[in-house]
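All residue numbers in this chain count up from 1 along the given sequence.
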Amino acid sequence: MIFDPQYRKEKRTARISMALIRLSLALKKMMQAEREPLDLSPLQIHALLFAAFTRNDVATVGNFSITIGATHVTAVKVIQGLVKKGLIVKIPNPDDRRVTLLELTSNGKELVSKLENWGHSLEESLNSMSDQLLVNFELGLGSLLSSLEKRGHLVVAEPCLGCIHFHPNVGDPTAPHYCELIRKHISHEASLQECPEHTPSLAD
């Protein structure tokens with residue numbers, strides 16, 4: 001059991017697991033301190049960032065719930081709270097009226113601009129590490145996140161480049177790229193936003 005200090009002495013994976021649990025508690029405390037002036041819950045902040053940085057055609061309530069690892073009901077409640085605050089609007093997908101898309105209001109965009117330094121305490125802590133240590137740390141975390149994603153515990157949203165569905169520069173200048181998953185051409189700006197359905201190509 002990783003909570004047993006004697007067990008951790010014998011198992012490196014147990015020591016790392018315990019470190020990650022302690023890290024998650026520290027992150028929660030740090031994020032709570034940074035969100036207090038905004039009068040928003042951590043999930044509401046995640047929802048605003050999701051709407052801001054996710055490609056607009058996949059910025060749905062369903063994808064938001066998957067991204068944060070919560071039930072659809074929980075995601076709906078979070079979004080409804082932001083709708084009431086006038087920070088997000090729900091609009092029907094023109095390609096599929098059964099799907100609702102999330103879009104920031106002008107007040108929502110203004111608030112997101114104030115979130116520029118959200119998480120800065122963590123970045124400041126990382127800045128104290130050497131470049132080589134950061135390289136190894138990044139590689140290790142990447143492997144862990146990949147493993148968690150494969151086991152269904154996590155969804156990692158990424159921009160289009162490197163996705164198996166992405167075909168760059170095959171259209172006209174206004175929508176030069178093509179997404180095979182949604183069977184649509186998309187603009188270059190849209191391709192730079194995150195997509196919860198990103199599937200890394202074999203080359204990656």
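- From Met30, atom CE reaches atom OG of Ser125 across 5.0 Å, with rounding to the nearest 0.5 Å.
- Clustering ILVMFWY residues whenever any of their side-chain heavy atoms sit less than 4.5 angstrom apart, transitively, puts Leu101 in a cluster other than the one holding Val61.
- Atom CD of Glu138 sits in a sparse spot, with 12 or fewer heavy atoms from other residues, nucleotides or ligands closer than 6.0 Å.
- Using a 4.5 Å cut-off on side-chain heavy atoms (C-beta onward), Thr105 and Lys109 make no contact.
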Practice item. Report the C-alpha distance between Asn63 and Val155 in whole Å, list the side-chain angles of each, state the deciding distance to 0.1 Å, and finish with yes or no for side-chain contact (heavy atoms from CB on, under 4.5 Å). Key: CA-CA 9 Å; Asn63 279 333; Val155 171; over 6 Å; no

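- Residue Ala52 comes nearest to Val112 through the heavy atom pair CB-CG1, 4.0 Å, listed as atom of the first residue, atom of the second, then distance.
- Here His177 pairs with Phe166, His188 under the ring-ring contact (aromatic ring centres under 6.0 Å, His included) rule; sequence neighbours left out.
- Side-chain N or O atoms of Thr54 include one that pairs as donor or acceptor with a backbone N or O of Phe50 at under 3.5 Å.
- The line from CG of Asp57 to CD of Glu197 is 8.5 Å long, rounded to the nearest 0.5 Å.
- Residue Ile68 is grouped with residue Val78 when hydrophobic side chains (ILVMFWY) are merged at heavy-atom distances under 4.5 angstrom, including chains of intermediate members.
- The cluster map of Ile, Leu, Val, Met, Phe, Trp and Tyr, joined by side-chain heavy atoms under 4.5 Å apart, puts Leu144 and Leu139 in different clusters.
- One distance of note links CG of Leu102 with CG of Leu87; it measures 12.5 Å at 0.5 Å rounding.
- Rounding to the nearest 0.5 angstrom, the gap separating the CD1 atom in Ile182 from the CD atom in Glu180 is 11.5 Å.
- Within the model, atoms CG of Leu20 and CG of Leu27 stand 10.0 Å from one another, a figure rounded to the nearest 0.5 Å.
- The heavy-atom pair separating Val170 from His185 by the smallest distance is O-NE2, 4.0 Å.
- From Leu48, atom CG reaches atom CZ of Phe53 across 10.5 Å, with rounding to the nearest 0.5 Å.
- Checking Ser146 against Ser143 by side-chain atom types alone, no donor-acceptor pair falls below 3.5 Å.
- Looking only at side-chain heavy atoms (C-beta outward), Ile16 and Thr13 stay at 4.5 Å or farther from each other.
- At distances below 3.5 Å, not a single donor-acceptor pair connects side-chain atoms of Arg8 with backbone N or O atoms of Arg15.
- A pairwise comparison of heavy atoms in Ile79 and Ala47 identifies CD1-CB, 3.9 Å as the closest pair.
- Looking at heavy atoms from C-beta onward, Ile91 lies out of side-chain contact with Thr100 at the 4.5 angstrom threshold.
- Checked against ring-ring contact (aromatic ring centres under 6.0 Å, His included), His165 has no partners two or more places apart in sequence or in another chain.
- When only modelled atom types and interatomic distance are considered, Gln44 and Lys85 share no side-chain donor-acceptor pair under 3.5 Å.
- Checked by atom type and distance alone, the side chain of His198 pairs as donor or acceptor with a backbone atom of Pro159 at under 3.5 Å.
- Scanning all heavy atoms of the two residues, the minimum distance from Cys195 to Val58 falls at SG-CG2, 4.1 Å.
- Minimum interatomic distance between Ile88 and Leu104 (heavy atoms only, all atoms of both residues): CG1-CD2, 3.9 Å.
- In terms of hydrophobic clustering, with Ile, Leu, Val, Met, Phe, Trp and Tyr side chains grouped at heavy-atom distances under 4.5 Å, Leu122 and Val156 are assigned to a common cluster.
- Applying the 6.0 Å contact sphere to CG of Asp131 captures no more than 12 heavy atoms from other residues, nucleotides or ligands.
- For the pair Leu161 and Ser191, the minimum side-chain heavy-atom distance is 4.5 Å or more.
- Residues Leu141 and Met129 share a single hydrophobic cluster, defined by chaining ILVMFWY side chains whose heavy atoms lie under 4.5 Å apart.
- Counting heavy atoms of neighbouring residues, nucleotides and ligands inside a 6.0 Å radius, atom CD of Glu10 does not exceed 12 of them.
- The shortest side-chain heavy-atom distance between Cys160 and Arg55 falls under the 4.5 Å cut-off.
- Side chains of Thr174 and Asp172: a donor-acceptor N/O pair is present below 3.5 angstrom, by distance only.
- Heavy-atom minimum distance, Gln193 versus Asn56: OE1-N, 4.0 Å.
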